[in-house]
Amino acid sequence: MLAIVKIAGQQFKVEAGDSLYVPHLEGNTGDKVEFSEVLLVDNNGVLTVGSDIKTIVTAEIIKDLVQGDKVIAFKMKRRKGFRKKHGHRTHYTRIKIESIA
């Protein structure tokens, strides 16, 4: 069974047993989370789309805070001596999909 789930404003294609990185979620390691905003379900070739879906995806938080790669934003104006350097690391949560029901 395959599902398209909306998590924190982004869409993810998930199956039972998958582990993926999603934008940071509230909760601790080992907590269970449920996602009720399911956009599409593929049950062995039978597609269900729209408001007909009554499916809930449950997942377990494996690691509650994971930092992504560092992203550097550098601004410069030539011949003016203007330089700015900003950097940040995006926070993610690693989850494992337990079931699609």
Side-chain angles (χ1 to χ4, degrees):
M1 182 177 271
L2 174 83
I4 305 286
V5 182
K6 192 170 186 179
I7 302 172
Q10 296 181 5
Q11 296 178 13
F12 294 92
K13 182 169 99 171
V14 298
E15 292 184 47
D18 284 354
S19 69
L20 56 133
Y21 293 94
V22 297
H24 185 64
L25 301 174
E26 295 295 324
N28 298 320
T29 303
D31 288 352
K32 308 283 187 208
V33 289
E34 291 184 348
F35 304 108
S36 59
E37 198 165 353
V38 179
L39 305 175
L40 178 135
V41 175
D42 180 10
N43 191 0
N44 297 327
V46 179
L47 290 177
T48 308
V49 180
S51 62
D52 298 338
I53 301 173
K54 304 292 185 220
T55 305
I56 293 178
V57 176
T58 58
E60 178 184 358
I61 296 177
I62 295 177
K63 192 162 186 183
D64 58 347
L65 182 65
V66 178
Q67 288 187 333
D69 294 335
K70 188 161 199 162
V71 177
I72 303 293
F74 183 74
K75 296 180 182 180
M76 178 180 142
K77 293 189 180 178
R78 63 185 188 159
R79 298 186 302 266
K80 306 294 184 202
F82 174 79
R83 292 169 183 236
K84 276 190 179 177
K85 183 177 177 182
H86 297 284
H88 73 279
R89 294 179 73 175
T90 306
H91 295 228
Y92 297 101
T93 300
R94 185 168 184 207
I95 61 172
K96 181 173 183 178
I97 304 299
E98 292 183 341
S99 66
I100 301 171

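When reading the values below, keep in mind they use all heavy atoms of this one structure, side chains included, and skip hydrogens, waters and symmetry mates. What you see is a predicted model; the values in this text were computed from it and never measured.
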Looking at Gly45, is its backbone amide N or carbonyl O close enough to the side chain of Asp42 to form a donor-acceptor pair, meaning the two atoms are under 3.5 Å apart?
yes
Would you find a donor on one side and an acceptor on the other, under 3.5 Å apart, between the side chain of Ser99 and the backbone of Thr58?
no
How many angstroms lie between CG in Leu20 and CD1 in Ile97, if you round to the nearest 0.5 Å?
5.5 Å
Where do Val38 and Ile56 land on the side-chain contact (heavy atoms from CB on, under 4.5 Å) test, with the steps shown first?
CA-CA 7 Å; Val38 179; Ile56 293 178; over 6 Å; no
Return the NE2 to CD distance between His88 and Gln67, rounded to the nearest 0.5 Å.
11.0 Å
Under the side-chain contact (heavy atoms from CB on, under 4.5 Å) rule, what do Glu37 and Val5 come out as? Steps first, then yes or no, please.
CA-CA 6 Å; Glu37 198 165 353; Val5 182; 5.8 Å; no
Distance to the ring centre below 6.0 angstrom and angle to the axis at most 45 degrees; does that hold for Lys77 and Phe82?
yes
Going from CG on Asp18 to NZ on Lys13, what distance comes out if it is rounded to the nearest 0.5 angstrom?
9.5 Å
Between His91 and Gly68 (side chain of the first, backbone of the second, donor and acceptor by atom type, cut-off under 3.5 Å), is there such a pair?
no
Using side-chain contact (heavy atoms from CB on, under 4.5 Å), reason through Ile61 and Asn28 one step at a time and then give a plain yes or no.
CA-CA 7 Å; Ile61 296 177; Asn28 298 320; over 6 Å; no
For the hydrophobic clusters of this structure (ILVMFWY residues joined by side-chain heavy atoms under 4.5 Å, transitively), does one cluster hold both Ile7 and Ile53?
yes
Salt-bridge criterion met for Lys32 and Glu60 (N-O under 4.0 Å):
yes
If Ile, Leu, Val, Met, Phe, Trp and Tyr residues are connected whenever their side-chain heavy atoms lie under 4.5 Å apart, and connections chain through other members, are Leu47 and Ile4 in the same group?
yes
ILVMFWY cluster, Val57 and Val33 together (side-chain gap under 4.5 Å):
yes
Output for pair (Gln11 CD, Leu39 CG), nearest 0.5 Å, gives 5.0 Å
Can you find a pair of side-chain heavy atoms, one from Thr55 and one from Ile100, that are under 4.5 Å apart?
yes
Rounded distance (nearest 0.5 Å) linking atom CZ of Phe35 with atom CG of Leu25:
5.0 Å
Start with the C-alpha gap between Phe12 and Val22, add the side-chain angles, then the distance that decides, and say whether side-chain contact (heavy atoms from CB on, under 4.5 Å) holds.
CA-CA 9 Å; Phe12 294 92; Val22 297; 3.9 Å; yes
Can you check whether Thr93 reaches Tyr21 side chain to side chain, under 4.5 Å on heavy atoms?
no
Hydrophobic clusters here meaning ILVMFWY residues chained together by side-chain heavy-atom distances under 4.5 Å, can you tell me if Met1 and Ile95 are in one?
yes
Once you round to the nearest 0.5 Å, how far does CZ of Arg94 lie from CD1 of Ile62?
5.0 Å
